[in-house]
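For reference, the structure is listed below as structure tokens.
Values below: every heavy atom of this structure, side chains too, minus hydrogens, waters and symmetry copies. Residue numbers run from 1 in the order of the sequence given.
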Amino acid sequence: SGWKSVPFVRRSPRLLSERAVSATNHAKVDELIRKSAKARLDGNPGAARSYLRTAIRYSTGNQKVTLQQELQKLIDEN
């Protein structure tokens, strides 16, 4: 039958593949990095730091480390 049990329906969000979640997070991080760079060029280091902090939350591995280093450089400059 087409009906699913209540526990199955409640678990359904967890059935998203890690690859899909990773792709979504990667897209978010890319957008946040672009926004950070634009804010920096526009002379708004506070917004640039904020975007980088958010990007760090969504990133993993080497990308996370690189963004943390970039954030520290931005903090040290201002």
Does E77 have any side chain to side chain contact (heavy atoms under 4.5 Å, CB included) partners at least two apart in sequence or in another chain, and if so, which?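 Once residues adjacent in sequence are excluded, the partners of E77 under the side chain to side chain contact (heavy atoms under 4.5 Å, CB included) criterion are R40, L74.
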
Between Q72 and Q68, is any pair of side-chain heavy atoms under 4.5 Å apart?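 They are not in contact (no side-chain heavy atoms under 4.5 Å apart), so the answer is no.
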
Atom pair [atom1]/[atom2] of [X] and [Y] - distance to nearest 0.5 Å:
X: T54; Y: L67; atom1: OG1; atom2: CG; answer: 11.0 Å
X: R57; Y: K64; atom1: CZ; atom2: NZ; answer: 9.5 Å
X: R49; Y: N44; atom1: CZ; atom2: CG; answer: 8.5 Å

Kindly work out whether a path of hydrophobic side-chain contacts (I/L/V/M/F/W/Y, heavy atoms less than 4.5 Å apart) joins L52 to I75.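 Yes.
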
Test your reading of the model: is there a side-chain donor-acceptor pair from S59 to the backbone of I56, 3.5 Å cut-off?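 Such a contact is found between S59 side chain and I56 backbone.
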
NZ/NE/NH1/NH2 to OD/OE distance under 4.0 Å, E31 and K28: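 No salt bridge links E31 with K28.
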
Salt bridge or not between D42 and K38? Use side-chain N to carboxylate O under 4.0 Å.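 Yes.
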
N62, CG: over 12 other non-hydrogen atoms inside 6.0 angstrom: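 Not buried by this count: 12 neighbours or fewer within 6.0 Å.
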
For the residue pair [X] and [Y], what are the closest heavy atoms and their distance?
X: Y51; Y: L32; answer: CB-O, 3.6 Å
X: V29; Y: A55; answer: CG2-O, 3.6 Å
X: A39; Y: A48; answer: CB-N, 3.7 Å

